[in-house]
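Here's the structure we're looking at; comments come further down.
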Amino acid sequence: MINKIRYGVSTWLWQSPFTTESVALFPKIKAMGFDMVEIPVEDPELIDGVLVKEALLANGLEAIVCGVFGPTKDFTHEDVGVHENCFRYIEKCFRLCNQWETDFLAGPMYAAVGKARHISKEQRKIEWERAVTNLDKVCTIANGYGLSIALEPLNRFESDLINTAEDIMHLIKDINQNNAKVLLDGFHMTIEEKNIKEAIKRVGDRLIHVQVSENHRGVPGTGLTPWNDFKMALVDIDYEGAIVIESFTPEIKELAAAVCIWKNLAANQDEFASEGLQFLKKIFNS
């Protein structure tokens with residue numbers, strides 16, 4: 001049993017992008033039994049942080065803030081103007097973190113999601129060094145807000161830079177800042193890791209956030225994820241963060257295309273969330 005686990009769900013399960021009006025999801029999320037809501041910030045200009053904070057309080061929910069990184073927000077890009085755009089975006093996300101009283105910003109902020117190419121070792125080294133340099137600056141800025149960052153490895157189809165727990169720990173070692181932490185996503189891990197238990201233990205106390213679905217992005221408990229190994233590894237490292245269900249709806253065509261979800265993964269998205277939560281509590285609370 002992991003007594004300190006809190007459970008959350010990403011609003012991406014129902015909607016994209018998150019806007020101020022998306023707080024209409026909060027009563028349903030709370031009624032299902034979730035403690036937290038993960039808010040993907042695609043466009044900060046669409047979000048009134050004060051009104052969202054009021055809705056969080058009214059529904060007894062805590063927030064987790066997840067950054068969204070596309071081609072215009074890429075720290076490995078050769079154009080420093082793209083880097084500057086990414087810095088501006090991240091700082092807006094940091095302000096939302098402070099407003100919503102969450103202590104980290106999560107996401108694969110080292111490079112654009114979907115940047116997956118076969119490139120030379122020389123080019124890979126250049127892009128790695130850009131990521132390290134820029135994330136070092138991000139950590140320094142984050143310190144000014146009293147925040148950490150939680151960096152997420154992605155599978156090989158979504159990133160050619162960081163795919164595994166080993167990769168992310170190498171990146172964090174090079175960044176060399178105490179507030180550079182880790183987010184692990186079970187979906188990506190089932191593609192990239194040889195052993196999920198060992199991967200989680202490799203990250204150890206740097207792990208501050210966990211996302212889950214299934215190896216097919218479906219409801220937790222309906223696929224091939226080795227859930228007992230997942231649980232035992234979190235017990236071994238005394239994990240005290242949240243476990244958040246993250247998947248997507250095929251009804252939002254642009255987002256569905258980006259994550260290659262072409263069909264429904266449950267009878268409906270509410271069922272996806274509620275059945276997933278029941279399964280996670282059965283696994284991690286027993």
Connected via hydrophobic side-chain network under 4.5 Å: [X] and [Y]:
X      : Y      : value
Met32  : Phe248 : yes
Val65  : Phe87  : yes
Ile90  : Ile172 : yes
Val210 : Ile208 : no
Met36  : Leu184 : no

Apply ring-ring contact (aromatic ring centres under 6.0 Å, His included) to Phe279 and list each qualifying residue two or more places apart in sequence or on a separate chain.
Trp227
More than 12 heavy atoms of other groups within 6.0 Å of [X] [atom1]:
X      : atom1 : result
Lys282 : NZ    : no
Glu271 : CD    : yes
Asn178 : CG    : no
Asp79  : CG    : yes

salt_bridge(Glu129, Lys125) N-O dist < 4.0 Å
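Yes, charged N to carboxylate O under 4.0 Å.
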Of all the heavy-atom pairs spanning [X] and [Y], show the shortest one and how long it is.
X      : Y      : answer
Leu13  : Thr249 : O-CB, 3.5 Å
Gly218 : Thr222 : C-OG1, 4.2 Å
Pro108 : Gly67  : CD-O, 4.4 Å
Ala273 : Phe34  : O-CZ, 3.5 Å
His209 : Ala106 : CD2-CB, 4.3 Å
Leu265 : Ser247 : CD1-OG, 4.0 Å

Once rounded to the nearest 0.5 Å, what's the spacing between atom [atom1] of [X] and atom [atom2] of [Y]?
X      : Y      : atom1 : atom2 : result
Asn228 : Ile196 : CG    : CD1   : 12.0 Å
Leu51  : Thr20  : CG    : OG1   : 6.0 Å
Lys201 : Leu207 : NZ    : CG    : 14.0 Å
Glu275 : Ile245 : CD    : CD1   : 10.5 Å
Arg206 : Met169 : CZ    : CE    : 6.0 Å
Thr102 : Ile39  : OG1   : CD1   : 9.5 Å

Short question: side chain of [X], backbone of [Y] - any donor-acceptor pair under 3.5 Å?
X      : Y      : answer
Thr225 : Gly221 : no
Ser213 : Phe187 : no
Tyr239 : Ala242 : yes
His83  : His77  : yes
Arg117 : Asp160 : no
Lys197 : Met232 : no
Asn163 : Leu154 : yes
Thr76  : Ala111 : no

Taking C-beta and beyond as the side chain, do [X] and [Y] meet within less than 4.5 Å on heavy atoms?
X      : Y      : value
Tyr89  : Thr72  : no
Glu152 : Gln211 : yes
Ile191 : Asn215 : no
Leu147 : Asn179 : no
Trp100 : Leu61  : no
Leu151 : Ile162 : no
Ile64  : Phe104 : yes
Phe18  : Leu46  : no

Using ring centroids (six-membered ring only for Trp), state whether Phe75 and Phe69 fall under 6.0 Å.
no
Can you tell me if [X] and [Y] form a side-chain donor-acceptor pair at under 3.5 Å?
X      : Y      : answer
Tyr7   : Asn285 : yes
Glu21  : Thr19  : yes
Asp167 : Thr164 : yes

Worked check of side-chain contact (heavy atoms from CB on, under 4.5 Å) between Cys86 and Asn134:
CA-CA 10 Å; Cys86 197; Asn134 285 315; over 6 Å; no
Is there a side-chain contact (heavy atoms from CB on, under 4.5 Å) between Trp12 and Glu38? Walk through the geometry before answering.
CA-CA 9 Å; Trp12 261 339; Glu38 184 169 284; 5.9 Å; no
Residues Val138, Gln177; criterion side-chain contact (heavy atoms from CB on, under 4.5 Å); working and verdict
CA-CA 10 Å; Val138 168; Gln177 293 249 29; over 6 Å; no
Give the intermediate values and the outcome of side-chain contact (heavy atoms from CB on, under 4.5 Å) for residues Val50 and Lys53.
CA-CA 5 Å; Val50 173; Lys53 176 62 176 177; 5.7 Å; no
Consider side-chain contact (heavy atoms from CB on, under 4.5 Å). Of Glu91, Lys92, Arg88, which one does Pro44 pass it with?
Lys92
Please list all pairs passing the side chain to side chain donor-acceptor pair (under 3.5 Å) test where one or both residues lie in residues 182-193, with sequence neighbours left out.
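The answer is Asn155-His188, Arg156-Glu192.
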